[in-house]
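Working notes, structure below.
Chain letters run A, B, ... following the sequence lines, proteins first, then strands; residues in each count from 1.
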Amino acid sequence: MGKVTIDTIGKYDNQDVTVCGWLTHKRSSGRIRFLVLRDGTGTIQATCIKGETDNQVLDLYQELTQESSLAVTGTVHRDKRAPGGYEILVSSIEVLQIAETYPIAPKEHGVGFLMDHRHLWLRSSRQHAILRVRHAVINAARNFFDDQGFTLLDAPILTPSSCEGTTTLFEIDYFGDKKAFLSQSGQLYMEAGAMAFGKVYCFGPTFRAEKSKTRRHLTEFWMIEPEIAFADLETVMKLAEGLVVAIIEEVLQTRKEELHQLGRDLTRLEQVRPPFPVVSYDEAVQIVQDAGESMPWGEDFGGAHETIVSNHFDKPVLIHRYPAETKAFYMKNDPDRPEVALCVDMLAPEGYGEIIGGGQREDDPALLGQKIEKAELPAEDFAWYLDVRRYGSVPHAGFGLGIERTVGWICGLEHVRESIPFPRLLDRLYP
RNA sequence: UCCCCAGUAGCUCAGUUGGCAGAGCAGGUGGCUGUUAACCACCGGGGCCGCGGUUCGAGUCCGUGCUGGGGAGCCA
């Protein structure tokens, strides 16, 4: 039998196999020695016994350091005493490299130290579990759209101007005479795409140069943004609910072990079934005020306010029709109540904040032109965006889901920085 | 940008009213007949983030700068 991965080890009971991996730690007692091996699919203990195992192997045990890379060959043996139920009785070890003293010891470390060693921290079981959940979240989201006839239409990352005109952007030099900006949303491009393909989505990184120092912010994060032609606010509210339900189902189905390892309370996630509560901005303000907070109508919710509203429900909550003043220029106003926009945010439970923001877009070219002017955006940069309304404009709507906040919520993380392999934060660009 | 907290060994921290710097983990050595972040014993290792003060004497007090963490605003 040749090379096998640890996740499949149960299929090879009493057979000889080779496992390639890294030494997470070792321990010994009298005549027995254990090597705990990790290969990315799991961990297993490799056992050496004095008098039974080759002396060369026993000598080698002494030299092996944490994270040394090895190919261990031996017989798979079912044993109740072994974590995971199986161990390998070692017959030979091929050392690829004896690792230098590994900085991350099997003990508690501070966040700053771990972030400086993010490239190594990824090897720990906790980070492994989180990033496996992240994969499942992304996979579920893509499948959700693919299965419903959406076309993947990725948006550019280098853009000529602000997409929304609100947040601070990263500016870069573009061949000397021009400036480019890192995209803060693919949405405007998806609107053009929806007029070409009907239903589209993009999935990519977005960038915000805001100097935010909170557990909910990254300067680089990933969004999945669907956009649909001939659609209204109600349509995308249903779509947003369906997406989140599909993500939770997929994670509960394929990543239970990881969630368990993270100590996540699964009952909180199992509650996430449709229908989600839907409240208007007006009702949400009432909830905040009933909780004793002073919040005038017309303002956006602060972090504390969001938590009050989300704690009011045990599922994600959809809040629609915010005051138009607080929202981006491209939002369509409610024809019945022009002071509010046809928009929706979804707040995750347990205080994890806004994971989705979207709504129906302004489809009238004249009104959109006025809004661009009012927002003091450079008209020439938005000429193409107006074109989308000049040639067969239709009602359309969409939203964006923030991957890291979603992963943070599902995993029950303290901070979104653990929900992305290499987080970019204010004052943190390394590694 | 503002507010709060911290900066002592490779790592996590302790350090009394200012009085020759300490523990655990990691590393090294030895022991232990199956361990579960094994355990036990011993060993090496820092002069306390930088600068400037107060003092006979400063990790300990004061000022300032830098770095990190948390939060606000803004947002996904």
(request) Check every strand shown and say whether Thr206(A) touches a base, only sugar-phosphate, or nothing at a heavy-atom separation below 4.0 Å. (result) nothing
(message) Checking contacts here: which listed nucleotide (rC32(B), rA76(B), rC74(B)) is nearest the side-chain heavy atoms of Glu210(A)?
(response) rC74(B)
(message) Is there, by distance only and without an angle test, a donor paired with an acceptor across the side chain of Gln45(A) and the base of rU36(B) below 3.5 Å?
(response) no
(message) Taking the C1' atom in each of rG52(B) and rG70(B), what is the distance between them to the nearest angstrom?
(response) 29 Å
(request) Return no unless some side-chain N or O of His25(A) is found under 4.0 Å from OP1 or OP2 of rU36(B). (result) no
(message) What's Leu218(A) touching, base or sugar-phosphate or nothing? Going by heavy atoms closer than 4.0 Å.
(response) base
(message) Using a 5.5 Å cut-off between ring centres and planes within 30 degrees, is Phe34(A) stacked on the base of rG34(B)?
(response) no
(request) May I ask you to check whether Gln261(A) and Arg255(A) show a side-chain donor-acceptor distance below 3.5 Å? (result) no
(message) If we check salt bridge (charged side-chain N to carboxylate O under 4.0 Å, His left out) with Arg321(A), which of these qualifies: Glu283(A), Glu339(A), Glu234(A)?
(response) Glu234(A)
(request) Kindly say whether, by distance alone, the side chain of Glu87(A) makes a donor-acceptor pair under 3.5 Å with the base of rG34(B)? (result) yes
(request) Answer yes or no: side-chain N or O of Ser212(A) and base N or O of rC75(B) forming a donor-acceptor pair under 3.5 Å. (result) no
(message) Please classify the nucleic acid contact of Arg428(A) as base, sugar-phosphate, or nothing, using heavy-atom distances under 4.0 Å.
(response) sugar-phosphate
(request) Return yes if the base of rC75(B) and the side-chain atoms of Arg405(A) contain a donor-acceptor N/O pair under 3.5 Å, otherwise no. (result) yes
(request) For Leu426(A) and for Met223(A), locate the closest nucleotide of RNA chain B by heavy-atom distance; then report the residue assigned to the nucleotide nearer the 5' terminus. (result) Leu426(A)
(message) At 4.0 Å (heavy atoms only), tell me whether Ile49(A) reaches a base, stays on the sugar-phosphate, or touches nothing.
(response) base
(message) When the P atoms of rG46(B) and rG57(B) are compared, how many Å lie between them, rounded to an integer?
(response) 26 Å
(message) What's Pro103(A) touching, base or sugar-phosphate or nothing? Going by heavy atoms closer than 4.0 Å.
(response) nothing
(message) Under the rule for salt bridge (charged side-chain N to carboxylate O under 4.0 Å, His left out), what residues qualify as partners of Glu171(A), not counting sequence neighbours?
(response) Lys179(A)
(request) Mark yes or no for a side-chain to base donor-acceptor pair under 3.5 Å between His109(A) and rC11(B), with no hydrogen or angle criteria applied. (result) no
(message) Any base atoms under 4.0 Å from Thr101(A), or only sugar-phosphate, or nothing? Heavy atoms, all strands.
(response) sugar-phosphate
(request) Look at all strands and tell whether Gln62(A) reaches a base, only sugar-phosphate, or nothing, counting heavy atoms closer than 4.0 Å. (result) nothing
(message) Counting the atoms with a prime plus P, OP1 and OP2 as sugar-phosphate, which does Asp300(A) contact under 4.0 Å by heavy atoms, base, sugar-phosphate, or nothing?
(response) sugar-phosphate
(message) With nearest nucleotide decided by heavy atoms, which residue, Lys50(A) or Tyr102(A), maps closer to the 5′ end of RNA chain B?
(response) Tyr102(A)
(request) Measure across Val279(A) and Phe313(A) and return the closest heavy-atom pair with its distance rounded to 0.1 Å. (result) CG1-CZ, 3.9 Å
(message) Any donor-acceptor pair under 3.5 Å linking the side-chain atoms of Asp79(A) with those of Tyr86(A)?
(response) no
